[in-house]
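Below is one structure, written out as structure tokens; the observations come after it.
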Protein chains: 2
Amino acid sequence: MTSIKDVAREVGMSTATVSRALRGLPRVSEDTRLRVLKAAERLDYVASPAAAGLVSGQTRAVGVVVPFVTRWFYGSVVHGAEELLRERGYDLLLYNLAGDQQARHRVFQTHLLRKRVDAVLILSLTPSAEEIASLNRLDRPVATVGAVVPGFSSVSIDDLATARTAVQHLVDLGHRRIGYIGGDLEGQLDFSAPLDRLRGYREAMAAARLRRNPAWEVTGDFTVRGGLAATRLLLATTPRPTAIFAASDEMAIGAVHAVRETGLRVPEDVSVIGIDDHEMAEFFELSTVAQPVHEQGRVAAQLLLQAIEHGPAFEPAVLTVPTRLVVRRTTAPPRH
Amino acid sequence: MTSIKDVAREVGMSTATVSRALRGLPRVSEDTRLRVLKAAERLDYVASPAAAGLVSGQTRAVGVVVPFVTRWFYGSVVHGAEELLRERGYDLLLYNLAGDQQARHRVFQTHLLRKRVDAVLILSLTPSAEEIASLNRLDRPVATVGAVVPGFSSVSIDDLATARTAVQHLVDLGHRRIGYIGGDLEGQLDFSAPLDRLRGYREAMAAARLRRNPAWEVTGDFTVRGGLAATRLLLATTPRPTAIFAASDEMAIGAVHAVRETGLRVPEDVSVIGIDDHEMAEFFELSTVAQPVHEQGRVAAQLLLQAIEHGPAFEPAVLTVPTRLVVRRTTAPPRH
DNA sequence: ATGAAAGCGCTAACAT
DNA sequence: ATGTTAGCGCTTTCAT
């Protein structure tokens with residue numbers, strides 16, 4: 001592997017000058033810089049971040065912790081983050097927990113502590129006290145997407161307001177019996193969105209003076225399958241709801257399917273609305289409250305890069321991005 | 001940040017001994033090893049891979065190049081690879097090209113060359129000659145999933161045989177007019193799967209002595225939307241096919257939708273079969289030829305780890321994993 | 001079984 | 001504008 005010495009020898013200068021020239025630092029004559037750049041190109045020289053990091057303390061890499069890479073939502077956030085990071089010359093280290101507690105422990109207690117990243121981005125999960133302690137010991141900027149953690153920067157939607165928007169849409173259409181399907185609250189205590197969306201649902205119901213029914217609040221996996229199962233339960237109640245608010249589009253897709261398999265029609269018999277504007281939402285003609293997914297990844301990465309550049313004095317920023325009601329064809333007024 | 005010196009001081013030994021003890025090397029007394037391990041734990045010490053890599057030449061990280069992280073298929077392969085890598089203490093650097101030529105160039109010419117990874121895993125795309133030159137210059141093991149590249153290890157399915165299996169299933173059901181929807185061949189010359197699947201389709205048609213019709217071979221995006229659009233074209237031909245082989249499950253899902261929107265029924269009027277066994281395939285009751293996605297990621301990672309450990313003498317392995325016909329409810333005999 | 005010392009490739013501080 | 005030197009945190013000889 002060619003090293004900085006090879007380049008220095010090639011141009012007949014010291015490694016210090018080469019280093020300065022390559023990084024665009026001042027106090028290098030234009031002529032020298034050009035010759036260095038050319039020589040580096042010719043020799044296929046790329047500086048080793050390991051060596052540079054050892055002395056500068058910067059790794060030019062960011063760690064990203066994801067609950068499930070296979071899900072469109074997380075993939076999209078990662079996409080947004082990776083895009084900006086690469087533009088700025090940073091690498092992205094991916095840690096996929098995939099619901100595995102042991103993996104989670106290992107990531108927080110070992111991998112992230114290896115001084116290998118300049119910053120950490122955490123998607124959706126709320127770190128435990130112990131994990132927060134680890135992250136603080138790391139002494140590097142941390143940001144989250146989809147969860148607000150005291151002391152960390154974050155980018156997220158207002159889950160409460162978003163849920164209210166969805167339910168209010170159903171109320172406005174004239175629905176009075178509205179069911180909710182959402183994520184488990186136990187077992188996954190570390191996701192805050194499901195809880196807030198449930199609370200938003202309840203608030204909107206109360207504000208519209210609608211009666212709540214415990215049997216109309218069903219939880220399960222945040223997946224198509226989970227939505228399918230939850231909706232089957234919901235439809236078995238009497239009277240059954242005329243509309244369903246699903247805490248995610250994937251659950252909503254499952255809900256639409258469940259309604260149809262019961263012999264009922266969407267939206268004539270049962271309306272369905274979700275949250276996300278999943279890539280398949282338009283395909284399913286699903287009404288939903290859209291959130292900017294890719295953008296949240298970019299913005300969060302941006303926040304981290306700023307924090308890296310501004311040093312420890314940088315104040316954590318808590319950003320909320322807007323959501324937007326998208327009415328398609330799974331919601332309509334109830335039949336009387 | 002605590003360094004190896006802190007640990008050495010804590011146990012009253014040299015850093016050399018601490019290093020040996022931590023890495024499980026021989027010639028350390030059991031007693032010493034235990035004390036070192038305890039001290040490291042107590043001080044939250046984790047060795048810096050950057051410093052270690054500088055001298056050992058190993059980074060304990062693998063770079064993974066992905067066309068689109070947001071797609072379930074790639075997310076799943078990454079999941080499989082990440083899982084094994086983490087078990088073995090390796091980090092994963094993710095490079096998402098997202099169809100961006102500039103990104104692609106930058107990844108191959110800069111990021112991968114930074115001496116930051118011990119090996120590279122490339123998903124689905126066939127590197128250009130220039131990219132192969134870069135990878136070779138890197139002088140590290142390279143493996144691919146879903147594409148066979150001379151000189152590199154690979155894990156993939158037999159696309160030709162898999163396509164034939166799908167088409168043969170339709171033939172066995174009695175279909176004679178079978179259409180194909182698959183990926184674009186121009187513009188994305190670097191994906192080999194679409195071409196092989198098309199060839200498999202043609203071979204199976206020929207083997208069954210069925211007439212081919214250029215209008216029954218439609219290409220488009222490898223997505224739900226692409227499948228939808230391609231199928232619309234396919235159904236507009238006369239006579240129209242009674243069965244459709246889609247080169248991916250996402251395209252097949254789009255195909256099913258297109259058939260239904262035309263007022264036709266699946267499978268009564270038109271049968272549809274895909275490839276992958278996508279997570280949503282069961283939900284859609286889609287007949288398909290399943291491939292082990294997550295496993296291909298794990299196996300490819302395994303191959304790379306072996307190559308890293310065995311050094312440059314390691315022979316590239318070209319592995320083919322089996323696929324399996326899964327008959328659900330989108331395929332049936334044609335009506336006469 | 002353990003330690004001393006050199007050095008991996010680079011940057012930063014201090015010359016000049 | 002450029003060069004010299006020290007040293008980042010670790011591993012690896014080579015001694016003992």
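Since the model is a prediction, treat every value here as computed from it, not as a measurement. Here is how names work: the chains are called A, B, and so on, in the same order as the sequence lines, proteins then strands, and each is numbered from 1.
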Indicate, with a heavy-atom threshold strictly under 4.0 Å, whether Ala16(B) touches base, sugar-phosphate, or nothing. base

Take the protein atom CZ of Arg35(B) and the nucleotide atom P of dA1(C), then report the distance between them rounded to whole Å. 15 Å

If you check every side-chain atom of Ser48(B), which of dA12(C), dG3(C), dG9(D) has the closest atom? dG9(D)

Is any side-chain N of the basic residue among Asp91(A) and Arg86(A) closer than 4.0 Å to the acidic one's carboxylate O? no

Leu43(A) has an atom CG; how far is it from atom C1' of dG9(C), in whole Å? 16 Å

Shortest side-chain distance from Met13(A), nucleotide among dG9(C), dG3(D), dC8(D): dG3(D)

With the side chain defined as heavy atoms from C-beta on, Val28(B) is closest, among dT11(C), dT2(C), dC10(D), to dT2(C)

For Gln58(A) and dC10(C), what is the distance between atoms CD and P respectively, to the nearest whole Å? 17 Å

Over how many whole Å does the gap from Lys5(B) atom NZ to dA5(C) atom C1' extend? 13 Å

Taking atom C1' of dA12(C) as reference, at what distance in whole Å does atom CG of Leu25(A) sit? 10 Å

When you get a sec, tell me which of dC8(D), dT11(C), dG3(D) is the closest nucleotide to the side chain of Arg20(A)? dG3(D)

Against the side chain of Leu54(B), the closest entry in dA12(C), dC8(C), dT11(D) is dC8(C)

Check the distance between dT11(C)'s P and Arg60(A)'s CZ and give it to me in whole angstrom. 11 Å

Consider side chain to side chain contact (heavy atoms under 4.5 Å, CB included). Of Phe68(A), Tyr74(A), Phe222(A), which one does Ser124(A) pass it with? Tyr74(A)

Considering only dT11(C), dC8(C), dT4(D), which nucleotide approaches the side chain of Ser14(A) most closely? dT4(D)

Which residue, Ala51(B) or Ser19(A), contacts DNA chain C at a nucleotide closer to its 5' end, judged by nearest heavy atom? Ala51(B)

Would you classify Ala50(B) as touching base, sugar-phosphate or nothing, given that sugar-phosphate means primed atoms plus P, OP1 and OP2, and contacts are heavy atoms under 4.0 Å? nothing

Quick one: which of dC10(D), dG9(C), dA1(C) gets closest to the side chain of Tyr45(B)? dC10(D)

Is Arg88(A) paired with Glu309(A) through a side-chain N to carboxylate O contact shorter than 4.0 Å? yes

Given dT11(D), dG3(C), dC8(C), identify the nucleotide with an atom nearest to the side chain of Thr17(B). dG3(C)

Quick check on dT12(D): is either OP1 or OP2 less than 4.0 Å from any side-chain nitrogen or oxygen of Ser56(B)? no

Ser3(A) side chain: which of dC10(D), dT2(C), dG9(C) is closest? dG9(C)

Atom-to-atom span, CD1 of Ile4(B) to P of dG9(D) - whole angstrom: 11 Å

Is any side-chain nitrogen or oxygen of Thr15(A) closer than 4.0 Å to OP1 or OP2 of dC10(C)? no

Is any side-chain heavy atom of Val66(B) closer than 4.5 Å to a side-chain heavy atom of Val64(B)? yes

Output yes when Glu30(B) and Arg33(B) qualify as a salt bridge under the 4.0 Å nitrogen-oxygen rule, no when they do not. yes

Closest of dT2(D), dC10(C), dA1(C) to the Val55(A) side chain is dC10(C)

Does the side chain of Arg114(B) get closer than 4.0 angstrom to OP1 or OP2 of dG9(C) through an N or O atom? no

Here the distance between atom P of dA1(D) and atom CD of Glu30(A), to the nearest Å, is 10 Å

Val69(A) and Gly75(B): which non-hydrogen atoms are nearest, and at how many Å? CG2-O, 3.9 Å

